[in-house]
Every structure is written in C-alpha cells, then in structure tokens.
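Contents: one structure, followed by commentary.
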Amino acid sequence: MTDAGRTGPGGSDSEWDVIVIGGGPSGLSAATRLRALGVPRVAVLEREVEAGGVPRHCGHSPYGLREFGRLMGGRSYAACLVEAAQAAGAEVLTQHTVVSFGPGPDPVLIVTTPSGATLMTARRVVLATGIRETSRAARLLGGDRPLGVMSTGALQAVVYLQRMTPFRRPVVLGTELVSFSALLTCRHAGARPRAMIEPNDGLTARGPARLLPLALGIPLHLGTDIAAIHGATRVEGVTLRDRDGATRTLDCDGAVITGRFTPEAALARMAGWTVDPGTEGPRIDGFGRSLDHPAYFATGNLRRPVETAGWCWGEGQATAAAVAADLERGLPPPDDAVPLTVAGDPLRYVVPQAIHPTAETPDLMPEVAQLRLSRPARGTLIAEQDGRTLWSRRLDSRPERRITVPLRPMIEAVEPGGPMTFRLREAP
Amino acid sequence: MTSNGLYDVAVIGAGVVGCAMARRFTLDGARVLVLERAPDILDGASKGNSGILHTGFDAPPDTLEQACIAAGHQEYLKIRDRLGLPLRTTGAMVVAWTEAEAARLPALMEQAHRNGVTDVRPLDRAEILERAPHINPAFHGGFLVPRESVIDPWAAPTGYLLQAIANGAHVDRNAPVQGGAFDGETWRLDLPGRSVRTRSVINCAGLYGDHVDQLLLGAPGFEIRPRKGQFVVFDKAAARLLPTILLPVPSPTTKGVVVCPTAYGNILVGPTAEEQESRADASVDGATLAMLRETAARLVPALAGQPITATYAGIRPATEEKGYRITPYPDRRYISVGGIRSTGLTAALGIARHVAGLHRACGTDWAPLAAPGWPAAPRLSETDPRDWQDRDNGGIVCHCELVTRREIEAALGGPLPARSLGGLKRRTRATMGRCQGFYCSGALAEITAGHFAAPLADPAEDRHD
Ligand SMILES: Cc1cc2nc3c(=O)[nH]c(=O)nc-3n(C[C@H](O)[C@H](O)[C@H](O)COP(=O)(O)OP(=O)(O)OC[C@H]3O[C@@H](n4cnc5c(N)ncnc54)[C@H](O)[C@@H]3O)c2cc1C
C-alpha cells in the first residue's frame with residue numbers, strides 16, 4: 001500500500017486515500033475495514049453533528065447482533081460503530097456536508113463545514129448516504145400544508161434527539177416495519193395514534209410487529225388511503241378514502257407519513273449519473289463500483305431501499321475490501337462488466353447492475369444479487385444471457401420481501417457479451 | 001411617526017404589493033406604517049407564485065397592468081444589485097404544440113412589439129432544440145422572449161420591506177384592520193384592542209381588498225374572485241434538463257401551464273387556474289398534481305423519472321374584471337390597490353410608483369430621502385454566493401437546501417423576525433428541499449423553540465418504556 005494520500009502536494013488535511021460520505025452503519029463499517037486492511041488515510045464525512053446515521057434516533061429496535069455479538073439499542077449501537085471506526089484510525093469528520101462532486105477522473109468533493117466551503121480530494125470515494133422516506137409532497141398527497149405532517153425519521157429526531165413532541169393524536173400512514181417504529185416513537189413521546197392507515201388489503205411488515213396496533217389499542221384501517229390532509233395552522237383532520245372511493249374524515253392533530261424509502265442519491269443525480277429507475281440509487285458493479293464513475297463506490301442502503309443495519313454493515317465490509325484491492329492492485333476494468341438487468345414487470349430491480357465474468361476476484365464479489373418484485377407474484381425466476389438460460393429457480397414472493405439469488409454460479413456461467421437478464425415466468 | 005402618533009401613510013397588507021408600496025412611500029419621505037393581519041408577511045397571494053419576472057410581452061396592450069409590468073421590471077433591474085436580489089435571465093420560449101397554436105405565434109409577437117418588448121424573435125427548430133435540448137421534439141414552432149427572467153419571489157418583497165424599515169417604516173404583524181373612519185383630515189384604523197392614526201390609507205389587502213374597501217369606504221370597489229394555482233416542483237438534479245422558461249401559447253382565458261427553472265435551482269410546473277369561493281384554501285389535490293407532473297413530462301420527457309421535491313398552491317386575487325383595480329379616493333386620502341392577479345411580483349415596484357403618483361392628488365407634502373439606506377435581502381438564489389460557503393456559518397441545519405444555522409438565527413432575529421415556520425421557510429428555504437424535513441425537523445424544533453406562536457413541537461411528557 002503506498003502512502004500517496006499522506007504525501008500529496010503540501011500534505012494537506014484535505015487529501016485522503018478514501019473518503020467515505022455518510023457516517024451510518026455501512027459507511028462506518030467500510031471505514032473501519034479499510035483501515036484494518038492497511039489503507040492509510042481514511043475519512044468519514046458526516047453532515048450531522050454526530051455520526052451514527054439512522055440508528056442514532058431509533059430508541060428501540062434491536063441492533064448489533066451480527067457486528068458486536070450482542071443486542072443493543074440504536075443509540076449505543078451507533079456509538080459503538082463510531083468508536084470502532086475511530087479506534088481503527090479513521091477520521092470521523094462531523095458537520096461536513098458534501099455539496100457536489102467536482103468534474104474529472106480524480107475525485108474532488110466540494111464540502112461545506114461550519115467554517116465555510118472547502119475542497120477535499122481522495123483516490124477513491126465511497127458513497128454511503130443511506131435512504132430517506134418518501135415525503136408527503138413526493139407522494140402528491142393532497143390537502144393543506146399545516147404543521148404536524150412528518151416522516152418517521154423527522155418524528156424520531158424530534159422525539160429522541162430533542163425530547164419534544166409535535167402532536168398528541170396523529171394518524172400513521174403505512175404498515176412497513178418503520179411504521180410500527182413510528183407507533184412506538186409516538187408512545188414514547190406520550191402521543192396516542194388515532195389510527196394506522198394502509199392502502200393495501202394486508203399489512204406490509206412481517207413478524208411480531210404486526211400485533212402492535214392490537215396491543216396498543218390503535219385502530220387499523222386496511223384498504224384505505226389518506227386522500228387529503230386538513231388544517232389551517234396545525235393538522236385538524238384527514239380525509240380517508242376506501243377502495244370503493246367512499247370518503248370520510250378523521251379528526252387528528254398530526255400525520256406520520258411512513259416508509260416508501262428511497263435512496264439519498266441526490267449527489268449522484270446532481271453529478272448527472274444515471275440512476276436505476278427501479279432502485280432509485282446509483283448503478284454499481286459487483287464490487288460496488290459506480291458504473292458512471294470508476295473512482296466512486298456505493299454501499300449500504302444507498303444501493304436500494306431498505307435493508308437492516310446489519311446487512312448494510314456487511315455491505316460496508318465487502319465494499320471496503322474491494323476498494324482496498326482497487327487501490328493496491330486495481331480491479332478488473334469497468335468495461336469488462338456484463339450488465340445485469342430485469343425483464344420488467346413484475347421484477348422491479350436487480351442489484352448490482354453489472355458483474356465481471358471472471359474468477360480472478362471471487363472473494364471480492366458479492367455472494368448474492370438482490371431482486372425485488374413490484375407486486376406479489378410466483379413462477380420460475382430465470383437468469384439468461386443471449387438466449388441461454390444460466391440459472392433458474394422457483395419463486396413465490398411479495399414486493400416487501402428481499403429476494404436474493406446466489407451470484408457465484410452465475411459469475412462462472414456468464415460470458416463476456418450481452419446483458420444477463422432476470423425474468424419471471426409466472427405460474428398461471 | 002410623529003410624537004402625536006400620526007403616520008403619513010398606512011399600507012394595509014404586506015404582500016408583494018404592500019411591501020413595494022411601503023418602500024416607495026418611505027423613500028419618498030413619508031412616515032409609513034404597514035399593517036398585516038397574518039403573523040408574518042407574504043402569507044396571502046404572494047405566498048405561492050411562479051417566480052417569473054415578466055416582460056409583459058403578452059399583457060393586454062395599452063393597459064395599466066402592462067405599464068406597471070414594464071415599469072416594475074425596469075426598476076427591479078435597477079435596484080436589485082444594491083438590495084442583493086437575484087436575477088436569472090433565462091429567457092422564455094413560447095412553444096406551439098399544434099398547428100393551430102403555431103398559427104397564433106405571429107399575432108403574439110406583434111402584441112409583444114406593441115408592448116415595447118421588441119426583442120422577441122422567432123426561433124427555428126434547431127434553435128429551440130439548442131435552447132432546450134430535452135424538449136419533446138413534437139413541437140410546431142416557437143419564439144424567444146430574451147428578457148423573461150427568474151427571480152426569488154420571497155427575497156424580493158422581503159428586501160423591499162427591509163429597506164422601508166431601515167429607512168423608518170414601522171411594520172405591525174398580527175394587526176388586522178377591522179374598521180376605521182376618516183374625519184376629513186386623518187384616518188383612525190381599528191385593530192384588535194387598539195387603534196392607530198394615519199393621514200392616508202393604501203389598501204393593498206390582496207385577497208381581502210374588497211373587504212377592506214367595505215370596512216373603510218362602506219362599499220367595495222370590486223369583488224374578489226379567488227383563483228387557485230397549483231404547482232409541482234422537481235428536485236434540483238432536474239435543473240440541467242431545462243435551462244429556460246417554457247411558456248405555452250396562451251388561451252383567451254389563461255396564460256397556461258409553465259415549465260421553468262426557479263431561483264433556487266429547481267424546475268417547477270404550474271400553475272393551474274381554478275375558480276373557487278375560498279380566499280384561504282390553498283390546498284393541493286393529488287389528481288391535479290399528477291396531471292401537472294404528466295404535463296411536464298409531456299413537454300420535457302426526461303422529467304418523467306425525476307423526483308418531486310415539493311407541491312404548493314397560490315391564490316390569485318382576481319376580480320370580476322380582467323385588469324388591475326386601482327382607484328384613488330382623493331377626498332378621503334385613500335387609494336385602493338386591488339385585483340393584482342397574476343403579475344404582481346413583477347409589477348409591484350411599478351404599481352407602487354403609479355400609486356405614489358396618484359397620491360399627489362391627495363396632497364403629498366413630504367420630500368424624498370436624500371441618502372436612503374440599502375440593507376441586503378436574504379441571499380437564497382443558487383446563482384449567488386450562499387452562506388454555507390462562508391466562515392463561521394454555524395454548520396448546516398437543512399441539508400437539502402444547505403441552510404446554515406447562522407441564516408436561521410438571522411431570520412429569527414433582525415428587524416423582521418420570522419413568526420411562523422412558513423415565514424422561516426420563506427426567509428431561509430429550510431425544509432423546502434427534497435427530504436421535506438426528514439433530516440432537519442428535530443434541529444429546527446430546537447432552534448425555533450420560543451419563537452413561534454405555533455411551535456413545531458412541544459416538550460414531550462417524560463415517558464420511558
Ligand atoms: C399561482 C400564481 C402564480 C403567479 N405567478 C407570478 C409570476 O410568475 N410573476 C409575477 O409577477 N406574478 C405572479 N403571480 C402574481 C402575484 O403573486 C400576485 O399578483 C401578488 O402576490 C399579489 O400581491 P398582493 O400584495 O396584492 O396580495 P397578497 O399577497 O394577498 O397581500 C395582501 C396582504 O394583505 C393582508 N391583509 C388582508 N386583509 C387585511 C386587513 N384587514 N388588515 C391587515 N392586513 C390585511 C393579507 O394577510 C396579505 O398578507 C402569481 C400568482 C399566483 C397565485
């Protein structure tokens with residue numbers, strides 16, 4: 001490993017071997033492992049006052065089993081991740097907001113800090129900016145725009161970080177895991193949700209969380225959507241719409257618009273990269289390397305919505321190994337990659353979006369590719385290239401479930417050439 | 001104000017028109033009082049518009065509106081540097097999407113010439129594609145209006161009012177005028193629990209202009225017919241898809257839906273034109289928003305996949321007639337400025353000049369300030385330097401819009417402190433970005449605690465479970 005980063009022109013503090021953008025589980029994991037693999041100068045840029053990412057404001061969920069071998073709350077998990085990165089020798093720089101990428105083959109970041117704007121350079125950049133929930137505006141949800149409409153993330157920041165509460169009797173839209181987390185957050189703040197609202201006919205989340213509304217005595221309205229939010233200054237009520245179009249109003253003083261996570265890919269979009277319409281994240285090869293700029297990598301939830309902290313931590317580890325290898329001996333050229341695609345409905349996306357048909361670096365390739373459905377479906381999932389079937393298996397799944405397929409056999413079977421495409425032959 | 005508590009001019013309403021009016025009369029030397037019924041300024045029609053500084057090329061020729069647009073545009077260009085106000089001279093293209101529309105282009109260009117906008121010129125296919133590389137190629141021709149521009153719809157009026165304040169004007173918010181009387185020399189205006197005295201009254205009450213006329217004159221000079229306009233805003237990454245304003249060929253009833261850049265670096269599509277009873281209902285509606293998004297994607301197909309940052313609506317103070325309704329009542333030292341529907345952001349400075357002229361008939365016995373102060377307006381445009389680039393900014397609070405702690409603290413203090421989250425948004429853009437408060441709501445609740453009548457959050461009951 002060379003020491004180029006340390007001895008750049010002037011040896012300035014702003015030159016690094018690797019800059020990780022985002023100090024959540026995946027970013028901190030990547031930084032820690034990069035140091036462990038001997039990469040000298042590693043910085044994590046975190047825009048918040050404190051690193052740790054989303055777990056910082058999740059008071060209750062279980063974390064840490066995979067990484068630290070014990071169950072812990074979000075805050076202490078986040079603190080452990082930060083400590084681990086710092087102990088490994090990574091520099092964790094908080095209140096560092098990356099504004100945009102400079103042009104050219106060598107990464108240059110325009111960064112703002114409390115003392116103004118600055119440029120930072122690195123040999124490689126790892127994007128680990130995570131996800132956020134789809135806002136009320138982006139859902140084109142109608143009505144007034146009063147105080148008291150927020151995402152779970154915003155609610156948790158208000159409740160757990162500021163110890164405040166924005167409302168007493170909100171409705172909660174959505175039944176993803178995070179929606180149940182919103183119920184608990186409300187409860188923690190002394191607010192009592194009026195109702196949980198779900199447009200589909202069943203709950204989205206699996207597992208014991210499903211029983212929460214019952215346990216807490218919160219009415220659950222399935223097959224119902226929020227048509228509009230009302231209120232002059234604060235939320236005063238919502239209009240609910242049933243499947244058959246019938247509407248009724250429900251008094252409440254807030255609305256938590258939960259879930260429908262989307263990658264925080266604004267930097268990639270602003271740089272003019274092509275974002276995968278299925279994942280809404282940057283497109284990457286099997287090493288996690290951007291298909292738009294080979295000096296940038298993407299890891300964690302930025303790749304696709306939404307995985308557990310433990311999964312993201314694992315991705316950070318793998319990405320770090322690939323980046324370290326790239327710095328030391330170079331990865332196979334981006335142009336040798338074979339695109340991975342999905343044939344369309346009901347397959348929404350596949351990640352990664354390309355793989356290298358080579359056995360040279362099998363240890364650096366992900367074990368699995370991830371797919372998602374856009375609707376419940378079953379049949380035979382087939383991977384094919386230039387009309388050849390490389391792999392197939394039966395599938396019976398739903399949009400909210402993670403689908404993984406082993407990449408090893410495909411890396412061995414795929415040949416340089418046309419895209420490898422996943423298709424679902426649906427059972428009648 | 002004199003020692004006996006008498007103002008020269010009371011401006012009722014702090015929309016863009018009232019703000020420009022307060023500035024004009026203050027610079028002319030009058031002692032000005034601004035009375036605004038809402039907790040903060042710019043809470044009425046001026047809350048949601050397209051942010052376009054029009055040339056008036058399509059205004060009805062030889063009308064007061066057209067004259068005020070031309071004068072307002074010109075004055076904005078003259079003063080904007082000294083007030084630190086932005087200008088993006090993007091130009092506009094009027095594009096025809098059918099043969100029938102194309103046939104109307106020559107008449108529109110002729111109208112532009114009549115309005116003194118003589119730099120309009122037809123564009124050939126290649127030029128249209130060059131100016132908007134991502135436009136749907138199925139157009140049928142168009143022309144260029146080079147000086148149509150994009151400005152900051154909030155910093156501009158805020159800057160006007162800050163200049164008025166810096167030069168002696170007084171602004172009262174939460175101050176609805178509920179009645180009053182003219183005794184032949186001075187006005188008494190009644191506010192909740194108190195009254196104020198002024199020699200002249202300028203009614204700039206926008207959507208409530210007819211109500212204020214009724215209260216003070218006993219009869220309205222016009223009737224407000226509120227007309228809502230909804231908008232969809234695309235994220236900043238979409239900005240590179242459209243560097244210019246795209247205007248449709250106007251129909252006899254509406255200017256139609258515009259797709260254009262904003263001062264903040266987004267792309268906006270809207271407005272609709274929906275007649276409604278309510279003067280306050282600026283609600284949006286899912287189906288209409290979806291229609292706007294599809295319209296944008298039809299005109300600029302690459303916008304189809306772009307994330308949406310925000311949606312909003314504004315209400316135009318339209319009246320039963322088409323034009324501006326500006327009426328002086330010299331014997332009562334009262335001027336009613338009504339019906340400033342859809343061009344007020346551009347025309348406000350021109351309207352203010354026009355009204356100051358009309359006021360001479362009431363007797364103007366003040367003299368222009370010799371050396372007025374020029375305070376700087378908030379700097380929010382993407383095209384200008386921003387606070388995050390400077391030292392000691394306190395760190396970023398709103399990450400999407402790169403709003404610093406120092407900017408937020410400045411907006412909560414100073415001569416015109418924000419009194420609501422809406423007011424803070426309009427002064428800083430906090431929470432207006434793609435995450436709509438996902439990341440910064442917590443920090444904002446903390447920083448703004450104690451500043452707003454309607455706080456973002458209350459201290460939680462301490463519960464641990
Ligand atoms: C959808 C839309 C798009 C537009 N696009 C553009 C554009 O691109 N370019 C452009 O130039 N113009 C545009 N406009 C027009 C522009 O926004 C309006 O012309 C302008 O805002 C009118 O301002 P105003 O000051 O007359 O009214 P308002 O902004 O309504 O101000 C009136 C004020 O008076 C206060 N008030 C009312 N009654 C009382 C009382 N009794 N006592 C005290 N205070 C009172 C109100 O609270 C309010 O603050 C657009 C308008 C809309 C709605």
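Naming convention: chains lettered A, B, ... in sequence-line order (proteins, then strands); numbering from 1 in each chain.
Looking at Arg240(B), only its side chain comes within 4.5 Å of chain A, counting heavy atoms on both sides. Residue Arg293(B) touches chain A through its side chain alone, counting heavy-atom pairs closer than 4.5 Å. Both the backbone and the side chain of Ser115(A) come within contact range of chain B, judged by heavy atoms closer than 4.5 Å. Within the 4.5 angstrom heavy-atom criterion, only side-chain atoms of Leu421(B), from C-beta onward, approach chain A. With a threshold of 4.5 angstrom between heavy atoms, Asp387(B) does not approach chain A through any atom at all. Heavy-atom distances place the backbone of Thr309(B), and not its side chain, under 4.5 Å from chain A. Interface remark: Pro39(B) contributes no atoms to any contact with chain A (heavy atom separation under 4.5 Å). Residue Glu133(A) touches chain B through both its backbone and its side chain, counting heavy-atom pairs closer than 4.5 Å. When heavy atoms are compared at a cutoff of 4.5 Å, Asp285(B) approaches chain A solely by way of its backbone atoms N, CA, C and O.
Between chain A and the residues Val232(B), Leu292(B), Leu289(B), the most heavy-atom pairs under 4.5 angstrom are made by Leu289(B). Annotation: maximal heavy-atom pairing with chain A below 4.5 Å, among Asn393(B), Ile308(B), Thr311(B), occurs at Asn393(B). Ranked by non-hydrogen atom pairs under 4.5 Å with chain A, the options Thr288(B), Thr404(B), Val397(B), Asp392(B) are led by Asp392(B). Chain A forms the most heavy-atom pairs under 4.5 Å with one residue out of Pro307(B), Ala287(B), Gly422(B), and that residue is Pro307(B). In terms of non-hydrogen atom pairs under 4.5 Å with chain B, the most contact-rich of Met270(A), Arg145(A), His96(A), Gln95(A) is Arg145(A). No other option in Arg391(B), Gln389(B), His399(B) has as many heavy-atom pairs under 4.5 Å with chain A as His399(B).
By the 30° and 60° cut-offs, the orientation of the rings of Phe231(B) relative to Tyr312(B) is parallel.
When Arg419(B), Arg426(B), Arg37(B), Arg173(B) are each tested for a side-chain hydrogen bond (donor to acceptor under 3.5 Å, both in side chains) with Asp43(B), only one passes: Arg426(B).
Salt-bridge check for Glu401(B) with Lys425(B): failed, with every basic side-chain N at 4.0 Å or more from each acidic carboxylate O.
Contact residues of residues 232-240 of chain A toward chain B are Thr233(A), Arg234(A) (heavy-atom distance under 4.5 Å).
Applying the 6.0 Å contact sphere to CD of Glu277(B) captures no more than 12 heavy atoms from other residues, nucleotides or ligands.
Of the inter-residue distances, the one linking Thr272(B) atom OG1 with Gln230(B) atom CD reads 4.5 Å to the nearest 0.5 angstrom. A distance of 10.0 Å separates OG of Ser181(A) from CG of Leu212(A), quoted to the nearest 0.5 Å.
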Q: Could you go through the side-chain contact (heavy atoms from CB on, under 4.5 Å) check for Arg47(A) and Tyr439(B) one step at a time?
A: CA-CA 10 Å; Arg47(A) 60 190 189 179; Tyr439(B) 294 109; 2.9 Å; yes
